[in-house]
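Scroll down for the structure; my scribbles are underneath it.
Numbering starts at 1 and runs along the sequence shown.
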Amino acid sequence: MFERYELEAFLTLAEELHFGRTAERLGVSTGRISQTVKKLERRVGAPLFARTSRSVRLTPVGLSLYEDLLPAYRQLRAALERAVEAGRGVHGRLRTGFATPWGGELLTAAADTLLARHPGCEITVREVPLDGGTGPLRDGTLDVQFVAFPVREPDLTTGPVLVTEDRVLLVPVAHPLAGRASLGLEDLAGLPLIAPEGASPRYWRDHHFPRRTPSGAAVGRGPAAATWQEVLSHVSAGRGVVPGAALGARYHPRPGIAYVPLRDAPPIEYGLVWPTAADSALLRAFVEAVGTSHA
């Protein structure tokens with residue numbers, strides 16, 4: 001069995017491929033790193049690194065050992081960090097965000113539940129503009145966000161679907177389509193569609209604000225909007241239409257807007273997203289509390 005220090009020395013050298021930088025990272029002498037590696041090589045019975053005066057590289061045996069050890073070592077470190085956090089208890093500050101009122105209610109309820117259990121925590125809940133996308137997670141403004149899926153970003157982790165809502169089309173009440181019992185996606189052809197601009201990726205905008213109907217007919221472009229209040233104002237003024245969640249009729253009732261069901265559109269799914277690199281007892285507890293509050 002390897003000792004923890006031996007594992008750290010081997011894995012760090014495998015990443016740095018430089019004895020001096022490895023020693024600096026671990027806070028020891030270069031000689032000690034060399035001695036540790038030689039000890040490991042004697043135990044394995046084969047060279048782990050090919051060394052010259054100018055370079056250090058992994059041998060095939062070393063590369064295989066590195067690939068086998070790294071996942072287990074990461075799991076071990078994560079387990080130790082979780083144990084330390086558990087010993088300290090849930091603590092710290094968590095900044096959460098939402099773009100829909102039902103998302104805000106869900107996050108607020110979860111925050112109240114968590115704070116009742118762990119009063120030493122600090123949890124803030126703030127609204128995110130429609131055109132903000134997941135930008136607040138990347139610029140460090142937020143730690144976790146309630147969003148409309150899909151989110152397919154390698155640096156972000158998505159939780160389970162928490163809310164599923166039928167899709168409707170918001171149209172001015174004076175529009176000919178406002179009196180229909182339901183609409184199809186083909187009815188979007190040529191209509192001026194109000195859509196956000198900004199940080200949201202193209203695949204997300206196309207999913208929620210399509211540029212073409214299923215048959216390929218072009219959907220028109222209406223004015224851009226940064227917030228839902230801007231969207232509602234544009235629709236009320238007759239400047240365009242916009243797809244949205246059926247639940248919006250309850251939260252955003254306006255005399256100038258009709259909410260007409262889109263019978264063949266996929267429902268909108270909502271859930272939590274957070275940076276993949278982020279992990280804490282507080283974040284995990286909050287994600288669990290949101291799921292519990294919604295259940």
Side-chain angles (χ1 to χ4, degrees), residues 1-95 118 121 134-145 150-160 201 203 271-288:
M1 296 291 293
F2 293 159
E3 296 180 3
R4 181 176 175 179
Y5 172 73
E6 293 174 332
L7 286 175
E8 289 178 341
F10 169 72
L11 293 172
T12 305
L13 182 58
E15 293 172 359
E16 294 288 351
L17 296 178
H18 190 280
F19 280 85
R21 289 195 297 269
T22 299
E24 184 177 351
R25 274 181 58 177
L26 298 180
V28 299
S29 67
T30 302
R32 185 173 181 189
I33 298 297
S34 180
Q35 291 171 4
T36 301
V37 171
K38 289 178 181 178
K39 182 180 177 181
L40 286 175
E41 290 176 329
R42 286 195 298 270
R43 188 177 302 175
V44 171
L48 300 176
F49 296 92
R51 312 164 181 80
T52 69
S53 59
R54 295 186 176 182
S55 67
V56 178
R57 60 181 176 83
L58 285 163
T59 64
V61 174
L63 178 60
S64 178
L65 181 62
Y66 173 75
E67 292 175 343
D68 288 341
L69 286 178
L70 186 60
Y73 179 71
R74 285 176 173 169
Q75 290 178 359
L76 175 63
R77 289 201 61 172
L80 289 172
E81 289 171 359
R82 287 193 294 270
V84 170
E85 288 179 351
R88 294 175 178 170
V90 177
H91 66 285
R93 181 180 70 157
L94 194 72
R95 300 159 300 174
H118 307 283
C121 298
T134 54
L137 294 174
R138 290 196 166 95
D139 65 20
T141 304
L142 294 180
D143 301 303
V144 62
Q145 191 172 339
V151 174
R152 298 191 293 267
E153 305 301 309
D155 60 334
L156 298 179
T157 293
T158 59
Y203 70 80
L272 295 179
V273 178
W274 59 91
T276 301
D279 186 30
S280 69
L282 178 54
L283 173 60
R284 293 192 297 272
F286 183 78
V287 172
E288 181 179 355

Backbone N/O of [Y] and side chain of [X]: donor-acceptor pair under 3.5 Å:
X      : Y      : value
Tyr203 : Arg152 : yes
Thr276 : Leu156 : yes
Ser64  : Pro60  : no
Arg95  : Gly140 : yes
His18  : Arg21  : yes
Thr59  : Pro47  : yes

Taking atom CD of Glu15 as the centre, report whether more than 12 heavy atoms of other residues, nucleotides or ligands fall under 6.0 Å from it.
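More than 12 heavy atoms, drawn from other residues, nucleotides or ligands, come within 6.0 Å of this atom.
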Taking the six-membered ring of Phe19 as reference, does the cationic atom of Arg51 (NZ for Lys, CZ for Arg) lie under 6.0 Å from its centre and within 45° of its axis?
no
If I take atom [atom1] from residue [X] and atom [atom2] from residue [Y], how far apart are they, to the nearest 0.5 angstrom?
X      : Y     : atom1 : atom2 : answer
Leu282 : Leu94 : CG    : CG    : 4.5 Å
Arg43  : Leu48 : CZ    : CG    : 11.0 Å
Ile33  : Thr12 : CD1   : OG1   : 7.5 Å
Leu7   : Leu40 : CG    : CG    : 8.0 Å
Leu70  : Gln75 : CG    : CD    : 10.0 Å

For the residue pair [X] and [Y], what are the closest heavy atoms and their distance?
X      : Y      : answer
Asp139 : Pro136 : OD1-O, 3.0 Å
Leu58  : Leu17  : N-CD2, 4.1 Å
Val61  : Val44  : CG1-CG1, 4.1 Å
Thr134 : Gln145 : CA-OE1, 3.8 Å
Asp279 : Arg284 : OD1-NH1, 2.6 Å

Can you confirm whether or not the ring centre of Phe49 sits under 6.0 Å from the ring centre of Phe10?
yes
Any side-chain heavy-atom pair of [X] and [Y] under 4.5 Å:
X      : Y      : result
Val28  : Tyr5   : yes
Glu16  : Glu24  : no
Leu283 : Asp143 : no

